[in-house]
Amino acid sequence: MTSPITTERQGDILVITSNNPPVNALGAAVRQGLDAAIKELNDDDSLKAAVIRCEGRTFFAGADITEFGKPMQEPGLPTVVDTIEASEKPVVAAVHGTALGGGCEVALACHYRIAVPSAKFGLPEVKLGILPGAGGTQRLPRVAGVQFALELAAKGDPVSAKAAQAAGLVDRLAGEDSLTADAIAYARKMADARPLPRASEKPVTVEPGVFDDFRKANAKRMRGFDAPAEIIAVIEETVGKPYAEGVQRERNGFMKLIMGTQSAAMRHIFFAERKAAKIDDVPEDTQLRPIKRVGVIGAGTMGGGISMNFLSAGIPVTIVEMAQDALDRGTGVMRKNYEGSAAKGRMTAEQVEGAMGLLKPTLNFDDLSECDLIIEAVYENMDVKKEIFGKLDTIAKPGAILASNTSYLNIDEIASATNRPGDVVGMHFFSPANVMKLLEIVRGAKTDKDVLATVMDVAKKIKKVAVVAGVCYGFIGNRMLMPRQIEANKLLMEGASPQQIDKVHVEFGMPMGPFQMGDLAGVDIGWHRDPNRVESIRDQLCAEGRWGQKKGAGFYDYDEKRNPSPSPRVAEIIAEWREKTGTPQHDVTDEEIVERTLYTMVNEGAKILQEGMAQRASDIDVVWIYGYGWPVYRGGPMFWADTVGLKTVVAGLEKHGFEVAQLLRDKVEKGERFN
Ligand code: TC6
């Protein structure tokens with residue numbers, strides 16, 4: 001087998017090139033090739049220096065994640081980076097694309113780093129539940145300082161080449177189109193400079209309080225995650241210690257994390273997200289329909305948010321409303337959102353105008369005839385939606401994709417209002433639609449394959465994670481939310497408080513529990529709006545104006561800053577309802593809350609799979625991670641069920657008398673997992 005690493009002499013410079021598509025991951029063959037190339041450099045007296053560069057779209061994007069969990073083939077990456085750094089002759093890293101994880105560590109081990117301005121550097125291992133295990137926690141603080149190293153390694157977000165240069169991680173910038181030539185010239189210039197700058201030999205100092213301040217500043221985003229805490233500990237404990245001691249501590253931390261469930265869960269999600277983009281019976285080379293202009297019907301919160309995704313991606317949008325004031329309000333909110341981003345430095349004023357300039361607000365429905373993809377985002381009412389689709393059928397251009405943003409309704413029935421059901425598809429965005437990454441693509445019985453392929457491609461363009469769902473009430477996400485909500489309400493009646501149920505969910509790692517979510521979304525959503533018709537605790541809350549955070553009162557009381565506190569009035573209402581309905585009371589344990597609100601979600605997920613409403617268990621996990629804030633370190637509900645043990649889940653469901661999905665039973669019988 002030919003090596004992905006080749007060497008070529010340019011006079012006295014050895015150019016070491018990796019060609020390992022798609023992202024030059026540092027698999028065994030790459031590591032062996034690099035090791036051999038450094039030997040070649042040092043064994044040949046006619047060579048003075050080397051350049052390490054990559055073919056294709058990027059510099060090494062990290063270790064090969066598919067090798068994790070398997071026996072490591074020698075040489076390991078920690079050995080390879082030490083070999084590079086120990087070279088007697090200078091080695092220059094020539095970086096384009098993304099130098100991530102092990103790739104960044106290779107660059108750190110090189111004596112010099114040159115990068116194109118568009119390159120990015122990062123240590124995203126933390127997002128896979130691990131830590132930089134090839135000297136990154138030791139070399140980066142020595143090269144760029146402790147604060148920068150903490151930012152990169154414990155948060156995992158990449159930085160631009162310019163920011164990397166400012167921190168000392170990049171020595172010089174190359175021309176965007178002349179990286180290799182510039183790197184060779186640089187190597188030649190530094191060929192005789194001694195001593196060689198070796199990162200591991202540099203001293204590292206730290207200001208007092210840096211670690212505690214960092215922990216404090218990032219406590220919220222790091223809550224529940226093992227890896228960031230370990231990364232901070234490794235750097236804190238080893239700062240000022242010799243490199244050899246430091247890498248040993250790093251290795252111990254790495255091994256501890258990689259063996260853990262969190263890392264397995266996060267690696268599962270990395271691949272699950274990419275797998276979700278593939279539709280089993282839609283070939284990858286399916287001819288896509290061109291999408292040059294998008295139409296959005298409805299300028300409310302959803303319609304506005306949906307439009308912003310396209311505008312931000314440079315795709316023009318025609319947005320239609322029924323009345324001028326609603327249209328003005330909608331476009332005003334969009335502008336305000338963009339200006340808010342600009343105020344936070346996430347956009348320039350020019351970009352705001354650029355995005356808004358692509359928006360065509362109109363009251364004329366016929367203007368949608370110029371659109372290639374039209375997304376309906378009006379309120380949830382089948383008759384209204386059918387009327388709209390009937391109208392669209394008469395005006396949309398041939399081949400235009402007609403999508404509904406419905407979160408529950410039957411796409412097939414909506415499609416039946418047209419004479420082109422093959423062009424109809426569900427595109428279910430999650431609120432706020434310009435922020436949330438999930439997009440459920442609902443595949444109708446007659447949806448054409450090229451329509452599916454096109455909307456999956458569009459999703460990628462607007463930076464969404466798309467998952468295909470079949471037609472069923474609530475699709476994947478909202479369907480699984482229902483048993484959770486039903487059980488949470490029952491538990492309330494049987495003896496639990498909203499605080500206890502929410503606490504169990506928050507401690508599990510959710511951003512909030514079911515009642516906190518109700519208060520945020522609005523307790524009055526779906527309420528019949530008749531204060532005299534009180535049939536449940538929720539009706540009573542609504543009748544008393546406790547509509548949630550927006551009213552300063554819901555299941556909780558809120559102060560002006562929207563800080564919640566338990567509500568004595570809600571406790572009274574709950575007590576009244578328990579008595580009125582004669583519901584038997586018992587001490588609800590946290591364990592029971594988990595079994596009844598979370599195992600039931602797994603059970604529903606199994607039914608969804610069994611009915612073919614999701615393509616694979618990992619798709620369900622992706623929905624819950626990106627749509628509802630399920631903690632990524634638990635890998636989504638189906639992966640989590642695997643870690644709990646499906647036998648335990650079934651036993652928990654049976655204990656409370658739930659009807660267990662056949663698929664779940666079958667899996668237990670066969671000793672299988674979901675993932
Ligand atoms: C590390 O380095 C630890 C070191 C310590 C060692 C001791 N390995 O994302 P895309 C695949 S940990 C294997 O669609 P993009 C990916 O699955 C690693 N495979 O492309 C997909 O396969 P598919 C630290 C990988 O252009 C294909 O490549 N590094 C790896 O949107 C294309 O990927 C990271 O965490 C990998 N490392 O984005 C970086 N990376 O076509 C992880 C990708 O069969 N990677 N694949 O579905 C990324 O963030 C992105 O892939 C990207 C490119 C930004 C590099």
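Whatever order the structure lists them in is the order used to number ligands and atoms, beginning at 1. Since the model is a prediction, treat every value here as computed from it, not as a measurement.
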Inspect the contact between [Y] and [X] and indicate whether a charged nitrogen and a carboxylate oxygen are less than 4.0 angstrom apart.
X	Y	answer
R616	D619	yes
D226	K256	no
D35	K39	no

Classify the ring geometry of W624 against Y628: parallel below 30°, tilted from 30° to 60°, perpendicular beyond 60°.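 Geometry flag for Y628 against W624: parallel rings.
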
Under a 4.0 Å heavy-atom cut-off, what residues line ligand 1?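 Protein residues near ligand 1 are P22, V23, A25, R57, A61, G62, A63, D64, I65, F68, T98, L100, G101, G102, E105, P124, E125, L128, G133, R251, F254, F270, F271, R274, K278.
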
Could you pull out all donor-acceptor pairs under 3.5 Å where a side-chain atom in residues 127-136 meets a protein atom, sequence neighbours excluded?
| from | atom 1 | to | atom 2 | distance (Å) |
| --- | --- | --- | --- | --- |
| K127 | NZ | D157 | OD1 | 2.6 |

Scan V92, I114, D182 and name whichever one has a side chain to side chain contact (heavy atoms under 4.5 Å, CB included) with R172.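 So the option named by the test is I114.
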
